[in-house]
Amino acid sequence: MVDKRVLNHSLLINTASFDDFGGWTLDTEFILTMGGAYLLAHGLGKKVENAKTAIQVEKSGKYHVYAYTYNWVSPWHKDMAPGIFRIRFKNDASPVLGAKNDHWAWEYAGEFSLEKGKKILELEDLTGFEGRCAYIYVTENKDPVLPEDASSVFDFYKKSILSSCQIEEKVFDYAVFGGGFAGMCAAVAASRSGLKTCLVQDRSMVGGNNSSEIRVWLGGGTNYEPFGGIGNIVGEFEQKRIGHYGSINKADLYEDEKKMAVLEKEDNLTLFLNCYLVDSKVEDGMITSALCWDFLHDRFFSISSPLFADCTGDGNLGAMSGADYEVTTNGHMGISNLWHIEKVDNPSPFPSCPWAVDLKNCNFPGRGETKDIYGNSREFSLGCWFWESGMTEDPIYCAERSRDLNFRAMYGAWDVLRNQDKDYQDYDLTFCSPLGGKRESRRLLGDLVLTKADFKYSFPDACCATTWNFDVHYPDKAFYSCFHEGDAFLTMDCREEVPDDCYFLPYRIMYSRNVKNMFIAGRCASLSHDASGTARVMRTCGMMGEVVGYAASICKKYGCLPRDVYFNHLDEFIALLKSFENKEVFKAGNTIV
């Protein structure tokens, strides 16, 4: 990549395109709100290996270096900074970075004397406690004018890339955004129906919450008559085993390679992994194209299609395209970062974490004999789904803060257990998902917004089974003493059974009411907050994906739009959905309701 990293007068480097991440983790969850992807030193308290990339210096001289970074604990402790790092050129290192900014901003890393030729730039983590860096700017200018807000920072980067390369145009029959169960199933259903389809995913793997990165087992039932074949594609991605609680929740349970194999064998399907949706063009209420960023290779490309599907979970395509949506900013379900401890032969000491949530005087699940909401205790109560944050924060714009609160709660708990209680002395903290597993954010609005009260009715376009309980989460009163900072991070589930053990969701919640060529599938479908408590689980999201994939085939056949399927072709569409043979497969665990 040296040919693209030429330092003449100045050079802007996106850390997501580093040649070698070392032990750093790539974070792509907050691009639209903080201005880029970034490298995260997610070492669980142990320093991670340096990230490295090569640059070609065209002219020897003195250069000034700036890092786009953030002291992530500053919302709670402005005087503390656990996530610190340095920028290094061989033996020449910057001062400590990551301690000053109370929001994402540029930090001066000092002056470096660089000789002409190839140089290796490194990010050196100093703590293993979630240091982060999105961009590095190297320039001859001592006081460059650098953009400040997130959108300006991304535009600055984008212009630097487009000055040397053009946007490539790609054309498809159907463009699906989001590589979780909804997106995977939508893409496969459309591909097998003969549509030239693409699937855009912002990670190197698919599966969303059911990937080895996040590790949530599948919920919901599939293959319910009279739509016995809806759920067949979900079944192809089904995992054989689950182990959701404690250290048995291993990466291999999620069968990432199996999911990829299903997608890769589809002749009509093109995968764009490690690519992020950053913009869309809309004319007369129709998306004409979507701009994507391939952050690993510093390039942009545009996707044109008559039909799009927002399966992003956050409703990103809809929001940037002007779609009507709702969002519950206080009282919604939150984000979990599952974590666990494990008994080891040679446990490591764990450093004190004064910047973490102070739990010294609080009982929490896993401490002593304190029980969780299921009556479990000890290590099986640590890091489970109910370690959940962000219920009172905006689920889009405050998502990074909520994820970081999960980190602080975990580190605070483990600090107390190991260093104060002297408990779990033969255990190490061995896993924490760096990615937040989300439950609820934007809900894009269709011709019908399904509420909990609507579940007493059957609609003519009913087509997709949901079996999970009305399951919404709220802060657990039993642990209010833990929330003395004002932020809750332990929840309880409030459940009520779905009528008749199965309810069929109507098709009209699966397309936008005002962006005329956009389907919706997954947790951003057109539901109220309470109704989303049943439809948000992954098998149900996958079946919604199958439905909109097959609906796209009707649109292709008649040259029509998603709404027309309901008003003009509903009988044919319902007959199509009923025509598939039931090929239901085994589901591991008690995961239907």
Item to complete: Identify the residue among R215, K259, E255, E238 that makes a side chain to side chain donor-acceptor pair (under 3.5 Å) with N210.
Response: K259

Practice prompt. With salt bridge (charged side-chain N to carboxylate O under 4.0 Å, His left out) as the test, would you mind laying out the steps for R495 and D493 before giving the verdict?
Written response: CA-CA 6 Å; R495 293 174 178 252; D493 52 341; 2.7 Å; yes

Flag, side chain of [X] to backbone of [Y], donor-acceptor distance under 3.5 Å:
| X | Y | answer |
| --- | --- | --- |
| D310 | L317 | yes |
| S528 | A531 | yes |
| S191 | A187 | no |
| N209 | K438 | yes |

Residue pair [X] / [Y], side-chain donor-acceptor N/O under 3.5 Å:
| X | Y | value |
| --- | --- | --- |
| Y254 | N249 | yes |
| S441 | R523 | yes |
| N316 | R442 | yes |
| S321 | S280 | yes |
| R203 | T28 | yes |
| S553 | R192 | no |
| R539 | T591 | yes |
| N274 | D294 | no |

Worksheet item: Can E168 and K170 be counted as an ion pair, charged N to O under 4.0 angstrom?
Response: yes

Worksheet item: Tell me, do F519 and Y507 make a side-chain contact under 4.5 Å, heavy atoms counted?
Response: yes

Atom [atom1] of [X] and atom [atom2] of [Y]: how far apart are they, to the nearest 0.5 Å?
| X | Y | atom1 | atom2 | value |
| --- | --- | --- | --- | --- |
| W387 | N406 | CH2 | CG | 10.0 Å |
| T451 | D530 | OG1 | CG | 8.5 Å |
| D487 | L405 | CG | CG | 5.0 Å |
| F431 | I341 | CZ | CD1 | 14.5 Å |

Fill in: Candidate pair K557 and E572, rule salt bridge (charged side-chain N to carboxylate O under 4.0 Å, His left out), full reasoning
CA-CA 12 Å; K557 178 179 179 179; E572 180 179 349; 2.7 Å; yes

